[in-house]
Amino acid sequence: MERSAQRLGRALVVVVDDRTAQGETEDAIGPLVTELLEEAGFIVDGSVVVRADIVEIRNALNTAVIGGVDLVLTVGGTGVAPRDVTPDATSGVLDRPVPGIAEALRSSGLAAGAVDAGVSRGLVGLSGSTLVVNLAGSRPAVRDGMATLSTLLPYVIGELSGLTGE
């Protein structure tokens with residue numbers, strides 16, 4: 001069944017940014033990710049901004065999973081700086097890793113010149129039937145990451161929902 005002609009499912013965006021979470025700056029990345037997800041065929045339940053804190057990130061991820069979204073996409077906090085803890089928080093939520101997607105995001109990001117994507121520690125995996133994806137936080141990394149994901153998500157979401165057959 002071709003899912004791209006219909007809605008792929010529900011998604012939630014989690015933006016990991018201390019300054020935005022504290023109200024010092026406006027969220028510029030959440031609306032971009034929301035727009036790109038909608039173009040890819042998702043109904044976006046919303047965008048949540050959290051501090052770079054393992055507990056806050058994990059709570060946002062667990063809330064999304066419990067809420068039954070098909071995809072939760074985190075943006076930011078995937079690098080090597082001390083405050084980049086998104087992968088650390090994500091690892092505690094995942095039941096099964098999907099390393100091939102994470103590697104594809106790193107490879108395509110680096111090829112596109114998004115260095116933060118190329119050196120990202122971001123994870124991709126399943127929590128229950130929800131796909132969790134960590135993206136690096138720059139606009140180029142998000143744009144390239146979403147281009148890469150747009151070819152993979154219809155297949156993965158179809159597999160998780162049982163709509164693709166082998």
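We're numbering straight along the sequence, starting at 1. Computation of the quantities below employed the complete heavy-atom set of this structure, encompassing side-chain atoms and omitting hydrogens, waters and symmetry-equivalent molecules.
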**Study point:** Stepwise side-chain contact (heavy atoms from CB on, under 4.5 Å) check, Ile57 with Val55
**Key:** CA-CA 6 Å; Ile57 297 165; Val55 173; over 6 Å; no

Exercise for review: Could you walk me through whether Val75 and Val16 pass side-chain contact (heavy atoms from CB on, under 4.5 Å), step by step?
Suggested key: CA-CA 6 Å; Val75 183; Val16 180; over 6 Å; no

Review point. Under the side-chain contact (heavy atoms from CB on, under 4.5 Å) criterion, do Leu71 and Thr130 qualify, and how do the steps go?
Key: CA-CA 5 Å; Leu71 170 68; Thr130 299; 5.9 Å; no

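A 4.5 Å side-chain heavy-atom check between Val72 and Val133 finds every atom pair outside the cut-off. Leu123 has its side chain within reach of Leu94: a pair of non-hydrogen atoms, C-beta onward, lies under 4.5 Å apart. Looking at heavy atoms from C-beta onward, Met146 lies in side-chain contact with Leu73 at the 4.5 angstrom threshold. Put simply, the side chain of Phe42 reaches to within 4.5 Å of the side chain of Leu153, judged on heavy atoms. Side-chain contact between Val132 and Val124 is absent, with no heavy atoms from C-beta onward closer than 4.5 Å. Looking at Val14 and Val50, their side chains come closer than 4.5 Å, going by heavy atoms from C-beta outward. Contact annotation: the side chain of Leu32 approaches that of Val142 to within less than 4.5 Å [non-hydrogen atoms, C-beta and beyond].
Listed for the Arg106 side chain is a donor-acceptor partner under 3.5 Å among the backbone atoms of Ser120. The backbone N or O of Thr25 lies less than 3.5 Å from no partner atom in the side chain of Arg19, so there is not a single donor-acceptor pair. Side-chain atoms of Ser107 never come within 3.5 Å of backbone atoms of Glu103 as a donor-acceptor pair (strictly under, hydrogens ignored).
Of all heavy-atom pairs spanning Ala117 and Gly109, the tightest one is CB-CA, 3.7 Å. Considering all non-hydrogen atoms of both residues, Asp116 and Ala136 come closest at OD2-CB, 3.5 Å. Listed here is the closest heavy atom pair of Ala52 and Asp18: N-OD1, 2.7 Å.
Salt bridge annotation for Arg10-Asp70: absent, with no cationic side-chain nitrogen under 4.0 angstrom from a carboxylate oxygen. In summary, Asp84 and Arg121 do not engage in a salt bridge, as defined by a charged side-chain N under 4.0 Å from a carboxylate O.
For the residue pair Thr78 and Thr86, no side-chain donor N or O sits within less than 3.5 Å of a side-chain acceptor on the partner. Judged purely by distance below 3.5 Å, without hydrogens or angles, the side chains of Thr74 and Asn134 pair a donor atom with an acceptor atom. Ser108 and Thr148 form a side-chain donor-acceptor contact under 3.5 Å, judged by distance and modelled atom types alone.
The distance from atom CG of Leu36 to atom OG of Ser150, rounded to the nearest 0.5 Å, is 9.5 Å. Expressed to the nearest 0.5 Å, how far CD1 of Ile101 lies from CG of Leu131 amounts to 5.5 Å. If you take OG on Ser47 and CG on Leu12, they are separated by 7.5 Å, rounding to the nearest 0.5 Å. Once rounded to the nearest 0.5 Å, the distance linking CG of Leu149 with CG of Leu135 reads 6.0 Å. The OG1 atom of Thr20 sits 13.0 Å away from the CZ atom of Arg51 when rounded to the nearest 0.5 Å. Atom-to-atom distance recorded for Asp88:CG and Asp53:CG is 11.5 Å, nearest 0.5 angstrom.
Hydrophobic clustering (ILVMFWY, side-chain heavy atoms < 4.5 Å, transitive): Ile43 and Leu37 are in distinct clusters.
The environment of Gln22 atom CD is dense: over 12 non-hydrogen atoms of other residues, nucleotides or ligands sit within 6.0 angstrom.
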